[in-house]
Novice: 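The following block contains the structure, expressed as structure tokens.
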Amino acid sequence: SQKIEQNSEALNIQEGKTATLTCNYTNYSPAYLQWYRQDPGRGPVFLLLIRENEKEKRKERLKVTFDTTLKQSLFHITASQPADSATYLCAPRVYISGTYKYIFGTGTRLKVLA
Amino acid sequence: NAGVTQTPKFRVLKTGQSMTLLCAQDMNHEYMYWYRQDPGMGLRLIHYSVGEGTTAKGEVPDGYNVSRLKKQNFLLGLESAAPSQTSVYFCASSYSRSPEETQYFGPGTRLLVL
């Protein structure tokens, strides 16, 4: 099954807290994984890329980890703000049907409460 | 620099009707993609193109055709629309297929097939 698992339930957190989103890719062994942000009615926007040898990547208040043993990536937003409210998609790069592709998870909706 | 644009933004079709969705990018990208996004399914690749005059099937190509006559444009056609094709369609482009290359998405086209 070409399924990338993200928590389908919305995540509500209080402003200022750290949000942690999970991406599981049990059936694959990607060397690259991307995270995107998607706002309602808009297309996804690229946030971060992490390579399998990096384990952790940071960009401002964002941090992504890449656990190749657990086959899981975690996406953290520290000091969260209401403006961070959006759906976040993970996309590991996998080998399917003779070529490499990024395939997307269903996304996790994050709501940061003021 | 408009990035990736899609036309139309919204369309209602009756079963059996045909239509063409237009995607245009002004970033001189070689690679272009068509995805559909459905609740609980994530983004699924329909067709993609690795350059002008080329097309290839993605994960869910049935019922769709594509053409890339010009580098900046990627057309998605529905010859005989079905209710199962009700979805939000996103076009994306990237400079290359490098694993570190990000995809730039358009704003989406919402299609309702009655």
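To find a chain, count down the sequence lines: A is the first, B the second, and so on, and within it residues start at 1. Not measured: the values here are computed from a predicted model.
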Novice: Go through the atoms of B:Y48 and report whether side chain, backbone, both or neither lie under 4.5 Å from a heavy atom of chain A.
Specialist: side chain
Novice: Show the nearest heavy-atom pair for residues B:K57 and B:H47, with the distance to one decimal.
Specialist: CA-ND1, 3.6 Å
Novice: If you take all heavy atoms of A:T68 and A:Y25, which pair is closest and at what distance?
Specialist: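 Result for this residue pair: CA-OH, 4.0 Å.
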Novice: Any sub-3.5 Å donor-acceptor pair from A:T78's side-chain atoms to A:T18's backbone N or O?
Specialist: no
Novice: May I ask you to list the residues in residues 100-112 of chain B that approach chain A closer than 4.5 angstrom, counting heavy atoms only, ordered by number?
Specialist: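 B:E100, B:E101, B:T102, B:Q103, B:F105, B:G106, B:P107, B:R110 fall under the 4.5 Å cut-off.
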Novice: Please state whether the side chain, the backbone, both or neither of A:Q6 comes within less than 4.5 Å of a heavy atom of chain B.
Specialist: neither
Novice: Donor-acceptor pair, B:S93 side chain versus B:M32 backbone, under 3.5 Å?
Specialist: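 Not a single qualifying donor-acceptor pair exists.
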Novice: Counting only heavy atoms not in A:Q81 (residues, nucleotides, ligands), do more than 12 fall under 6.0 Å from its CD?
Specialist: yes
Novice: Checking A:Y102 side chain against B:P99 main chain: does a donor-acceptor pair fall under 3.5 Å?
Specialist: yes
Novice: Can you tell me which portion of A:R93 sits under 4.5 Å from chain B's heavy atoms? Options are side chain, backbone, both or neither.
Specialist: side chain
Novice: Indicate whether the side chain of A:Q38 and that of A:Y36 have a donor and an acceptor atom separated by less than 3.5 Å.
Specialist: no
Novice: Under 4.5 Å from any heavy atom of chain B, what part of A:Y100 do you find: side chain, backbone, both or neither?
Specialist: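 Just the backbone, heavy atoms under 4.5 Å.
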Novice: More than 12 heavy atoms of other residues, nucleotides or ligands under 6.0 Å from NZ of A:K55: yes or no?
Specialist: yes
Novice: Step by step, would you call A:C23 with A:I4 a side chain to side chain contact (heavy atoms under 4.5 Å, CB included)?
Specialist: CA-CA 7 Å; A:C23 173; A:I4 307 302; 3.6 Å; yes
Novice: Donor-acceptor pair, distance only, cut-off 3.5 Å: does the side chain of A:K71 make one with the backbone of A:N27?
Specialist: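 No, the answer is negative, given that no donor and acceptor are paired below the 3.5 Å cut-off.
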Novice: Of all the heavy-atom pairs spanning A:T20 and A:L11, show the shortest one and how long it is.
Specialist: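 Heavy atoms only, the tightest pair is O-CD2, 3.7 Å.
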Novice: Looking only at non-hydrogen atoms, find the nearest pair between B:D38 and B:T86 and report the distance.
Specialist: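 So the two residues come closest at OD1-O, 3.5 Å.
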Novice: Counting only non-hydrogen atoms closer than 4.5 Å, can you tell me which residues of residues 62-74 of chain B sit against chain A?
Specialist: none
Novice: Side chain from CB out, backbone as N, CA, C, O: work out which of these in B:L45 comes under 4.5 Å of a heavy atom of chain A, or both, or neither.
Specialist: side chain
